[in-house]
S.K.: 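The structure follows.
For clarity, every value in this text was computed on a predicted model and none was experimentally measured. In what follows, chains carry the letters A, B, and so on, assigned in the order in which the sequence lines appear, proteins first and then strands, with residues in each chain numbered from 1.
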There are 2 protein chains.
Amino acid sequence: MRELTKAFQALSDETRLRILGLLLERECCVCEVMQALDISQTRASRNLNILYDTGLLKQRNEGLWSLYSIDREGMKGRFAGLVRVVEKALESNPVVALDRDKLKNAQRVGPGCGPQANKTSKRSTPTKGSKEAKE
Amino acid sequence: MRELTKAFQALSDETRLRILGLLLERECCVCEVMQALDISQTRASRNLNILYDTGLLKQRNEGLWSLYSIDREGMKGRFAGLVRVVEKALESNPVVALDRDKLKNAQRVGPGCGPQANKTSKRSTPTKGSKEAKE
DNA sequence: AGGATATAAGCGCTAATGCGCATATACGGT
DNA sequence: ACCGTATATGCGCATTAGCGCTTATATCCT
């Protein structure tokens with residue numbers, strides 16, 4: 001019961017639904033989420049973690065990046081239908097559509113990502129080439 | 001979007017899920033809910049109202065009683081899948097099972113229903129005979 | 001009309017939530 | 001080793017949520 005209320009609680013926040021809107025498209029790192037939704041790093045990280053420990057997301061590290069994605073297998077039956085509901089509800093949402101659009105332009109290294117980011121900014125591939133900073 | 005977060009928020013509370021557990025069985029009045037869940041009248045009423053104005057419930061009056069039930073038609077598509085998820089999640093829940101059991105013994109007129117109820121207590125049918133007070 | 005009662009609503013308190021700010025931690029590049 | 005960056009976390013604050021207590025409202029019965 002507690003598990004269920006907790007799941008609903010996790011879904012009862014606009015920021016988190018928008019995050020799911022992104023993750024339904026593809027796996028994302030915190031940095032991409034904060035850029036696509038135009039929110040602070042703290043906020044992105046916190047809300048990703050909240051979704052994570054309800055069991056809705058899974059996480060993996062790749063170099064510096066913490067990558068989150070929807071845990072489709074992990075939620076055996078429990079939340080399966082729930083994610084479908086969210087997916088359906090968000091599919092025609094203009095905010096989510098915009099977020100997804102901004103996600104395409106998001107870079108793993110971008111302005112505002114770090115405390116004093118973008119001094120000369122021309123870093124690129126972290127561990128293995130994933131995305132390159134445009135100039 | 002707001003409508004969706006609000007719906008999830010409404011479902012993120014144990015009391016309200018238990019209430020839905022009852023209403024999935026049948027229409028109930030506030031009094032029955034408070035007896036079955038063994039909660040205060042204020043709490044039953046408030047939480048029913050919360051579910052009501054998210055659009056999950058519909059309400060009708062019958063004499064003194066305010067009867068709530070799940071609004072299966074009213075939520076065209078929006079929450080339809082959501083209710084299915086809740087139904088499935090609650091079907092094997094022991095707390096809900098117990099609540100439903102207590103609902104069978106609940107009476108529309110029972111001890112604790114009113115501010116100073118059960119003085120001589122032998123009221124019965126309100127408008128049309130629905131249930132009679134035992135003893 | 002008067003009494004009883006089922007429900008709703010105002011008020012105040014406590015706990016939980018969301019978030020920004022600052023800081024800590026982890027990792028890769030030079 | 002040092003620096004910069006991506007992410008996580010402690011702290012404090014403002015807002016919201018949930019609930020009990022009390023009171024208001026509506027309805028029925030005699």
Side-chain angles (χ1 to χ4, degrees), chain A residues 5-6 9-10 12-16 19 28-35 37 39-50 52-53 59-68 106-131 133, chain B residues 5-6 9-10 12-16 19 28-35 37 39-50 52-53 59-68 106-131 133:
Chain A
T5 57
K6 212 177 160 199
Q9 209 276 340
S12 69
D13 179 84
E14 174 162 344
T15 301
R16 289 193 287 271
I19 288 177
C28 293
C29 68
V30 180
C31 190
E32 289 170 318
V33 170
M34 64 182 277
Q35 287 177 76
L37 305 200
I39 57 178
S40 74
Q41 183 267 323
T42 299
R43 196 167 159 186
S45 177
R46 280 252 168 69
N47 284 303
L48 278 163
N49 265 298
I50 288 171
Y52 174 74
D53 50 44
Q59 187 268 354
R60 68 188 183 90
N61 290 314
E62 182 182 304
L64 266 181
W65 288 273
S66 184
L67 300 170
Y68 291 89
Q107 301 136 29
R108 291 210 176 161
V109 176
C113 269
Q116 56 271 49
N118 215 23
K119 285 288 174 55
T120 43
S121 87
K122 82 186 128 221
R123 291 184 65 261
S124 57
T125 67
T127 290
K128 59 176 194 178
S130 56
K131 274 182 182 52
Chain B
T5 58
K6 212 178 160 198
Q9 209 276 339
S12 69
D13 179 84
E14 174 161 346
T15 302
R16 290 193 286 272
I19 288 177
C28 293
C29 69
V30 180
C31 190
E32 290 171 317
V33 170
M34 66 182 277
Q35 288 177 76
L37 305 200
I39 57 177
S40 74
Q41 182 267 324
T42 300
R43 195 167 159 187
S45 176
R46 280 253 168 70
N47 284 302
L48 279 163
N49 265 298
I50 288 171
Y52 174 74
D53 51 44
Q59 187 269 352
R60 70 188 183 90
N61 290 315
E62 182 182 304
L64 264 182
W65 288 275
S66 185
L67 299 170
Y68 291 89
Q107 300 136 29
R108 292 210 176 162
V109 177
C113 266
Q116 57 270 53
N118 215 24
K119 286 286 174 56
T120 44
S121 89
K122 86 189 122 216
R123 293 185 64 262
S124 56
T125 66
T127 290
K128 59 178 194 178
S130 56
K131 275 181 182 51

S.K.: Shortest non-hydrogen contact from B:Val30 to B:Ser45?
M.R.: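 The answer is CG1-N, 3.9 Å.
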S.K.: Can you see if the side chain of B:Ser12 gets near the phosphate of D:dA17 - specifically, an N or O under 4.0 Å from OP1 or OP2?
M.R.: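 For D:dA17, neither OP1 nor OP2 has a side-chain N or O of B:Ser12 closer than 4.0 Å.
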S.K.: Please determine, for the side chain of A:Ser66, which listed nucleotide (C:dA8, D:dT7, C:dA6) has the closest atom?
M.R.: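 The nucleotide sitting nearest to the side chain is D:dT7.
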S.K.: Nearest of D:dA26, D:dC19, D:dC11 to any side-chain atom of A:Arg46?
M.R.: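 When the side chain of A:Arg46 is considered, D:dC11 is the closest of D:dA26, D:dC19, D:dC11.
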S.K.: Is any side-chain N or O of B:Asn47 closer than 4.0 Å to OP1 or OP2 of D:dC19?
M.R.: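 So the side chain of B:Asn47 is within the cut-off, an N or O lying under 4.0 Å from OP1 or OP2 of D:dC19.
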S.K.: So which heavy atom on A:Leu48 is nearest to which on A:Ile19, and how close?
M.R.: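 What the structure gives for the nearest pair is CD2-CG2, 3.6 Å.
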S.K.: D:dG20 C1' sits how many Å from B:Ile39 CD1, rounded?
M.R.: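 Checked: the CD1 to C1' distance equals 12 Å.
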S.K.: On DNA chain C, does the nearest nucleotide to A:Asn61 precede the nearest nucleotide to A:Thr15 from the 5' side, or the other way round? Give the residue.
M.R.: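 Comparing both residues, the 5'-ward one is A:Thr15.
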S.K.: Using atom CG of B:Leu48 as one end and atom P of C:dA6 as the other, report the distance to the nearest whole Å.
M.R.: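 Value for this atom pair: 15 Å.
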S.K.: What nucleotide among D:dT22, C:dT7, D:dA8 has an atom nearest to a side-chain atom of B:Thr42?
M.R.: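 Comparing D:dT22, C:dT7, D:dA8 against the side chain of B:Thr42, the answer is D:dT22.
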S.K.: Which nucleotide wins on minimum distance to the side chain of B:Gln9, given the candidates C:dT7, C:dA22, D:dG18?
M.R.: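 The answer is D:dG18.
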S.K.: Nearest-Å distance, CD (B:Gln59) to P (C:dT7)?
M.R.: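 It works out to 10 Å between those atoms.
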S.K.: Looking only at non-hydrogen atoms, find the nearest pair between B:Gln59 and B:Ser66 and report the distance.
M.R.: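 Closest approach of B:Gln59 to B:Ser66, heavy atoms only: NE2-OG, 2.7 Å.
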S.K.: Compare the minimum distances between each of C:dG18, C:dA8, D:dA8 and the side chain of A:Asp13, then state the nucleotide with the smallest one.
M.R.: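 Of C:dG18, C:dA8, D:dA8, C:dG18 is nearest to the side chain of A:Asp13.
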S.K.: Would you say A:Tyr68 reaches D:dA8's phosphate, i.e. side-chain N/O to OP1/OP2 under 4.0 Å?
M.R.: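 True: A:Tyr68 side-chain N/O within range (under 4.0 Å) of D:dA8 OP1/OP2.
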S.K.: From the options D:dG18, D:dA8, C:dC19, select the nucleotide whose nearest atom is closest to the side chain of B:Ile50.
M.R.: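 It is D:dG18.
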S.K.: Rounded to the nearest angstrom, tell me the gap between atom CG in B:Asp53 and atom C1' in C:dT7.
M.R.: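 My rounded result for the distance is 15 Å.
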S.K.: Consider the side chain of B:Arg43, meaning its heavy atoms from C-beta on, and name the nucleotide among C:dA22, D:dT22, D:dC19 that approaches it most closely.
M.R.: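 From the listed options, D:dC19 comes nearest.
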S.K.: Expressed as a whole number of angstroms, how long is the span from A:Leu64:CG to D:dC3:P?
M.R.: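 Distance check: A:Leu64 CG to D:dC3 P gives 17 Å.
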S.K.: Using a cut-off of less than 4.0 Å, is there contact between a side-chain N or O of A:Ser40 and OP1 or OP2 of C:dG20?
M.R.: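 Checking C:dG20 against A:Ser40, a side-chain N or O does come within under 4.0 Å of OP1 or OP2.
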S.K.: If you take all heavy atoms of B:Leu67 and B:Cys29, which pair is closest and at what distance?
M.R.: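 It is CD2-CB, 3.5 Å.
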S.K.: Of all the nucleotides listed (C:dG18, C:dC19, C:dA6), which has the minimum atom distance to the side chain of A:Arg16?
M.R.: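 Comparing C:dG18, C:dC19, C:dA6 against the side chain of A:Arg16, the answer is C:dG18.
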S.K.: Among C:dA8, D:dC21, D:dT7, which nucleotide has an atom closest to any side-chain atom of A:Trp65?
M.R.: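 Minimum distance to the A:Trp65 side chain belongs to D:dT7.
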